[in-house]
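Everything below concerns the one structure shown next.
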Amino acid sequence: MTDITQADYLFDNSTDAGLTHMEMLSAIFDRHSIQVLERTGLRAGARCLDVGAGSGSISRWLADRVAPGGAVTALDIDTSRMSEHPGVRIRRHDLDHGLHGDLAGPYDLIHARLLLTHLPRRHEILRELVDALAPGGWLVIGDMTDRPLGVLSEHSARDIAVWERIQHLSHEVVSPAGGIDFGWARRIDAAMVGAGLEELHGIEVSETVDGGSPGALLHASLNAQAARHLLDAGADPWEMERYQELTRDPTFRSWFYQFICCRGRKPF
């Protein structure tokens, strides 16, 4: 099996599958992220950093929330899917290289969603983000867990076996080889405590998805982008094809990823 490095990132925003990926993430997770962000008491004039901003949907929401006088820096290694928006400064940057210069803050709020799970230096990066907060500033982090995504619909044993095999190869073989740690989400709260944050609170959400829904189409996009690595890991082409069909079959239903989103405040 071919090793995957951070330089060989599994998901490419510049492709059609990458665009679907970004759109589905917003459709699925924005409302949950906003639920946590709203409880930070964010006000006009606040300075915000959105790391791993993706399509920029949360960056734009933050900018509208902190206007007038506030500002949002939208940071990502690939900014090709972001659009200009009043109050949003778009910056291309690899967080693995740290925050420095005009990116160093201080910020009143920092948001990171579905990012640290991909970065092996996640604990160090979390502490760097805390350092970039102003006293009293909030850190909001959201990531997905490795909860089993069991099939709920009455499909054949062959279809269920295909689903479970591709899920196993995706989460237990390909993702760890690429530095992804789905166990990280359950450690966010402890990492925030270790970084000295206070007033911690978190949510856990999980839903069922039907074929053709945003959650199922996200599965299809992730599978398509990681196809080469999945085939290297032992997936058969016919399994990959059937998996794609299941994600678009309206009679197919399964559990979706569990999403954990936590907030913590830097002491004054």
Side-chain angles (χ1 to χ4, degrees), residues 10-13 15-36 54-55 57 113-115 117-118 142-178 180-188 202-261:
L10 287 173
F11 309 118
D12 184 354
N13 294 356
T15 64
D16 289 343
L19 175 59
T20 299
H21 183 175
M22 292 295 99
E23 291 175 341
M24 295 307 102
L25 289 180
S26 296
I28 297 163
F29 295 116
D30 277 8
R31 65 188 185 277
H32 303 308
S33 297
I34 289 170
Q35 175 187 344
V36 176
S55 67
S57 59
R113 184 177 73 192
L114 307 180
L115 173 68
T117 191
H118 293 276
D143 276 303
M144 298 185 298
T145 78
D146 56 357
R147 174 192 162 178
L149 309 181
V151 176
L152 298 170
S153 52
E154 296 294 329
H155 273 65
S156 69
R158 183 173 182 265
D159 281 343
I160 293 173
V162 166
W163 179 262
E164 291 178 347
R165 175 164 167 76
I166 297 300
Q167 292 296 326
H168 168 76
L169 292 176
S170 296
H171 300 135
E172 304 299 329
V173 180
V174 172
S175 292
I180 297 173
D181 180 2
F182 283 108
W184 155 252
R186 292 189 297 273
R187 302 194 298 271
I188 295 172
I203 64 169
E204 295 181 356
V205 291
S206 182
E207 303 179 59
T208 59
V209 296
D210 304 323
S213 69
L217 294 178
L218 178 62
H219 280 307
S221 172
L222 296 173
N223 177 261
Q225 292 177 85
R228 174 171 62 87
H229 301 296
L230 288 165
L231 291 168
D232 286 347
D236 289 324
W238 72 266
E239 292 176 313
M240 301 285 286
E241 181 178 355
R242 184 55 184 153
Y243 184 90
Q244 289 288 329
E245 291 171 351
L246 289 172
T247 63
R248 292 168 170 82
D249 177 356
T251 70
F252 183 80
R253 189 164 59 92
S254 74
W255 278 105
F256 189 62
Y257 292 103
Q258 180 188 44
F259 179 64
I260 293 179
C261 191

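Counting only heavy atoms from C-beta outward, the side chains of Gln167 and Tyr243 approach each other to under 4.5 Å. You'll find the side chain of Asp146 stays beyond 4.5 Å of the side chain of Trp184, heavy atoms only. Considering only heavy atoms from C-beta on, Tyr257 comes within 4.5 Å of His219 through its side chain. Ile203 is listed as a side-chain neighbour of Cys261, based on a closest heavy-atom distance under 4.5 Å. Residues Arg113 and Ser33 are in side-chain contact: their nearest non-hydrogen atoms beyond the backbone lie under 4.5 Å apart.
A donor atom on one side chain and an acceptor atom on the other are found under 3.5 Å apart for Gln244 and Arg248. Using a 3.5 Å distance cut-off with no hydrogens or angles, the side chains of Ser57 and Ser26 do pair a donor with an acceptor.
What you find for Gly215 and Val209 is that their closest heavy atoms are CA-CG1, 3.9 Å. Closest heavy-atom contact between Leu217 and Thr20: O-CG2, 4.3 Å. When every heavy atom of Ala185 is checked against every heavy atom of Asp143, the shortest pair comes out as CB-O, 3.6 Å. Gly234 approaches Arg165 most closely through the heavy-atom pair O-NH2, 2.6 Å. Shown here for Pro250 and Asp210, the closest heavy-atom pair between the two residues is O-CB, 4.3 Å. The minimum heavy-atom distance between Thr247 and Ala216, with the atom names listed, is O-CB, 3.2 Å.
The CZ atom of Arg147 sits 11.0 Å away from the CD1 atom of Ile260 when rounded to the nearest 0.5 Å. Rounding to the nearest 0.5 Å gives a distance of 10.5 Å between CH2 of Trp255 and CG of Leu149. Atom CG of Asp159 sits about 8.5 Å away from atom CD of Glu245, to the nearest 0.5 Å. Between the CG atom in Asn223 and the CD atom in Glu241 there is a gap of 11.5 Å [rounded to 0.5 Å]. How far OG1 of Thr251 is from CG of Leu246: 8.5 Å, rounded to the nearest 0.5 Å. Remark: Arg242 CZ to Ile166 CD1 distance equals 12.5 Å, nearest 0.5 Å.
In this pair, Phe29 and Phe259 present their aromatic rings tilted. The plane angle is within the 30 to 60° band.
Judged by distance alone, with hydrogens and angles left aside, the side-chain atoms of Thr117 form a donor-acceptor pair with the main-chain N or O of Asp181 at under 3.5 Å. Under a 3.5 Å cut-off, the side chain of Ser170 and the backbone N or O of Ser175 do not form any donor-acceptor pair. At least one donor-acceptor pair under 3.5 Å links the side chain of Gln225 to the backbone N or O of Ser221. No donor-acceptor distance shorter than 3.5 angstrom exists from the side chain of Ser153 to the backbone of Phe252, with no hydrogens or angles considered.
A 6.0 Å sphere centred on CZ of Arg31 holds more than 12 heavy atoms belonging to other residues, nucleotides or ligands.
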*Any chance you could lay out the side-chain contact (heavy atoms from CB on, under 4.5 Å) test for Glu204 and Thr145, step after step, and finish with the verdict?*
CA-CA 10 Å; Glu204 295 181 356; Thr145 78; over 6 Å; no
*Begin from the C-alpha positions of Leu169 and His229 and carry the test side-chain contact (heavy atoms from CB on, under 4.5 Å) through to its verdict.*
CA-CA 9 Å; Leu169 292 176; His229 301 296; over 6 Å; no
